[in-house]
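Okay, structure first, notes after.
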Amino acid sequence: GGTNDGNNGDDGAMVAASLHHCCCHQRGTASSCPAREQWYGFISIDCGLPGQTGYVDKTTTLSYTTDAGFIDTDAGVNHNISAEYITPSTPTSLHSVRSFPSGERNCYTLGSLVSGLKYLLRGKFLYANYDGLNMLPMFDLYIGVNFWTTVNISASDVEVYAEAIMVAPDDFVQVCLINTGGGMPFISGLDLRPLKNKLYPLANETQALVLLHRFNFGPTDSHTIIRYPDDPHDRIWFPFVDVENWVDITAGEKVNILDELFQPPQEVMQTAITPRDVSENIEFTLDLESFPRDHSLGYVHTVYFCELQEYPSSNALRQFYIYRNGVLTYLQVYTPPYLAGDFVNSLKPFQASQYKISLNATAKSTLPPIINAIELFSVISTTTVGTNSQDVFAIRAVKKMYQVQKNWMGDPCLPETLSWDNLTCSYNSSRPPIIRIVNMSFNDLQGGISPDFAALKNLQSMDLSNNNLTGSIPEALSQLESLKFLDLSNNKLNGPIPSGLLKKVQDRSLDLKYDNNPDICTNGSSCQPERGSNLAIYIVVPVVVIVVLLLVAMLYFCLQRKRKQGSIKNSVKLKNDGDGNSSLGLESHRFTYRELETITNNFQRVLGRGGFGCVFHGSLEDGTQVAVKLRSHSSNQGVRQFLAEAQVLSRIHHKNLVSMIGYCKDGEQMALVYEYMPEGTLQEHIADNIRRALPWRQRLRVALESAQGLEYLHKGCNPPLIHMDVKTANILLNERLEAKIADFGLSKAFNCHDDTHISTNTIAGTHGYKDPEYSRTGQASTKSDVYSFGVVLLELVTGKPAILPDTEPISIINWARQRLARGDIEGVVDTRMQGDHDINAVWKATEIALKCTEQVPLQRPSMAEVVMQIQECLDLEEVCTGRDDEFYTGSSSVGMDPNMGYNASTNRCTDLRQNNATLEIEYNHRRGPQMDTSPVATR
Ligand SMILES: *[C@@H]1O[C@H](CO)[C@@H](O)[C@H](O)[C@H]1NC(C)=O
Ligand SMILES: *[C@@H]1O[C@H](CO)[C@@H](O)[C@H](O)[C@H]1NC(C)=O
Ligand SMILES: *[C@@H]1O[C@H](CO)[C@@H](O)[C@H](O)[C@H]1NC(C)=O
């Protein structure tokens, strides 16, 4: 994988040009009916379709609905596109449009989202002279209150797509079309697709990704558009076909797609292009459009690779450097893995005024570069938050009750220029806008006073005068604490003035006007109903008010809870960003066996041996030292475990878990490449009598760091992971003696968030560390790791192995329990520490170890509790010895960062404007600029 953090180029003027997508048509894939859960949560709207019933699209097998129910019925006008633009390949969903002759802003509201989850949002636009005016419009799109993109219709027959990958800030999302004076906004269709949150990790709560280009290279047919069901996420992959200049390669076999970050469809990865002339490189330039308002947020890309051909001979090699805008973006030489989907992506957005990708063959390479697909996005900010959600909820209910038309669409207060008529908001940069004043006088309001007004908690002034309001005044209005002015005059209200309001009038906190309401009685509770019907109103109205208030209160409570969760996520996120930049990246590099030979100098230096095979020392081109764990063919650890570990490691990142730099799966050869841990295993340190024994404080630090690593697996990973083989041999130490957990070959993911047990077919783990409950029942849980960790902790205290080789082998747990039962703590402590320890801290650590190794899993603490307790030991040690810690780097007990490298939290929407896309594939006949780092072939 790559590191795209070069910042070259300024924000810039874009070349606007357009490519007519004459060919935007799905291929016929109606044959197989997809499983329902695949499209569960899809919303596919055919805008402008008359009536209430939808249809099933034959090409995609997706169900389209009309837009009724997603937009106010009086907003916009339905049209059919001109018949001359309808060809057999025009998607049915584009045959009609809804256009918006009135109102500066018109919005669709898509409900039933889950706040915090990631979605792909797509607007579709085919003008096709629907209005007979032949005037190509240009207008803006917003996602809620955040600018999404400008839709520039460049030709009548061009299908324009706007796509965004975004994280839902709320349980609904609004898509707003804004008339900016460039012609009447219209829309043909709107799609919403739920995405797994780990997809597109750079889309998060604060930023969305707006699609600029998505190309699939090498399909033989230029009409091949890949989307659902081939792509379960229904991304639209446009074909790039140019057989004159490029060789299309199509794999006969299935491509392995392991990655969890982008999951390109099989059909996209099975095709690629290479230059016709084997001595040429690949270079092409894509336009960065002028539509991102804020270029400072930059761009992100993902380039997909997969070797589709078997090398013609044993000395054949495809190897190249990957440059973005002339800067090496992937720091090593790159060889695409055979029949396995791989990618290079941005770890953070880059700045640019143009996007140029160059793939330059190395001197050693005998085959030209290859490319399978590319995606390019601009980043938009989604940090603008809409109006106070309680106010929004209330005012939308008011709008519904009185069928308010006007400009009451989208957010009530934002943007300020489009705030709703009759409302005055108050803005404060540190919190969402609130509604302060409602003036709906002379609005011809019918019916009662909406009790929802009472939920506008920040209301200071309300003028409902000169309407046709009937019924009585809701008592709930007296709960508006800030209300200073209320004008109800010139209506048809009746009944008493609620005592709460009267009280406010009496203490002069409220100015109440109610003249010209024939049936209002001013003497409060003594007011008698004149007609029977009024009695009903007296009883029914309060009941309704109470029910509504309860509902409002419940909703408020829910919203608050959501808010809270959101903010926790945010803080976690920030932490991630901090650490993420220094990590080796999300994507794992795939090495060839030959590269491993070079890296390890022909597997010269053995670092260790395990069930998997040997671990060798190696160093990368840039001097980074690595450990290469090579699977031996006689290994009893299977391919599945190997892959399991590769998968686990590529998605978890924590300072106390050993990180994977890459892997190799080259025919029969398999290896994992890790960061090098020069101080070896904890087991060596404990068993070694020659090396200076670890001092007590250092042991506590190792315990704390290992515990933090495990805590992260249990609590920070989603789904949680059980390591299944915690032992001193699997805890490695770096040059600063910081501990990291290694060997995830046996780890298991839970599917539940609680401590539900998982069943395993075979009992894994190591004798002496294995949870007895798990050995007995085959049911593992996070508490199985806690047990094993308890054994590790005992080893740290005692300096003895997990099984003591006595005349009769005895477990360290029983050995320690026997001595402690006699109160003999000194008899347990490792004598090599030579009294260099605080006995209280040792007692406490031993106690923790014994709790961890309780027979009954329920009686064992969680790793989070263990972390806290060990931190207390360290504090105790420091207080008692008065010493500072020269090694320990973690400052607090929890240094975890659960989303890192995997980003369970966030993704946002992107906008795709495919038809405007300009793709200029250029030939690099001369080969690109030569750089020291990039040897170029002189074949
Ligand atoms: C569009 O065409 C359909 C039939 O194809 C028709 O039922 C519908 O009324 C037309 N809509 C408009 C706005 O003319
Ligand atoms: C919109 O498209 C037209 C036609 O392609 C082009 O001339 C114009 O420059 C574009 N406008 C913007 C702001 O990109
Ligand atoms: C409400 O608006 C009307 C005009 O529509 C105006 O006459 C009246 O003074 C306003 N009320 C308040 C309280 O400002």
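We're numbering straight along the sequence, starting at 1. Scope of the values below: all heavy atoms of this structure, side chains included, with no hydrogens, waters or symmetry mates. When a ligand or atom number is given, it counts from 1 through the structure's own listing order.
- When the side chain to side chain donor-acceptor pair (under 3.5 Å) test is applied to Thr383, the partners found at least two apart in sequence or on another chain are Ser381.
- Between the OG atom in Ser450 and the NZ atom in Lys400 there is a gap of 11.5 Å [rounded to 0.5 Å].
- Under the rule for a side chain to side chain donor-acceptor pair (under 3.5 Å), Ser82 has no partner lying at least two apart in sequence or in another chain.
- Atoms of ligand 3 found under 4.0 Å from any heavy atom of Phe485, numbered from 1 in the order shown, are 13 (C).
- Considering both main-chain and side-chain atoms, Asn439 comes within under 3.5 Å of ligand 3 through a nitrogen or oxygen pair.
- Under the 3.5 Å distance criterion, with hydrogens and angles disregarded, a donor-acceptor pair is assigned to the side chains of Asp444 and Gln446.
- Applying the side chain to side chain donor-acceptor pair (under 3.5 Å) rule to Ser482 yields no partners; only residues at least two apart in sequence or on another chain are considered.
- Not a single N or O atom of Ser154, backbone or side chain, sits closer than 3.5 Å to an N or O atom of ligand 2.
- To the nearest 0.5 Å, atoms OG (Ser478) and CG (Leu501) are separated by 5.0 Å.
- Relative to the ring axis of Tyr355, Arg324 does not place its NZ or CZ within 45° and under 6.0 Å from the centre.
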Pairwise, report which nitrogen or oxygen atoms of ligand 1 are under 3.5 angstrom from protein nitrogen or oxygen atoms, and how far apart they are.
unit_1: ligand 1; atom_1: 2 (O); unit_2: Asn80; atom_2: ND2; d: 2.4
unit_1: ligand 1; atom_1: 11 (N); unit_2: Asn80; atom_2: ND2; d: 2.9
unit_1: ligand 1; atom_1: 14 (O); unit_2: Asn80; atom_2: ND2; d: 3.4

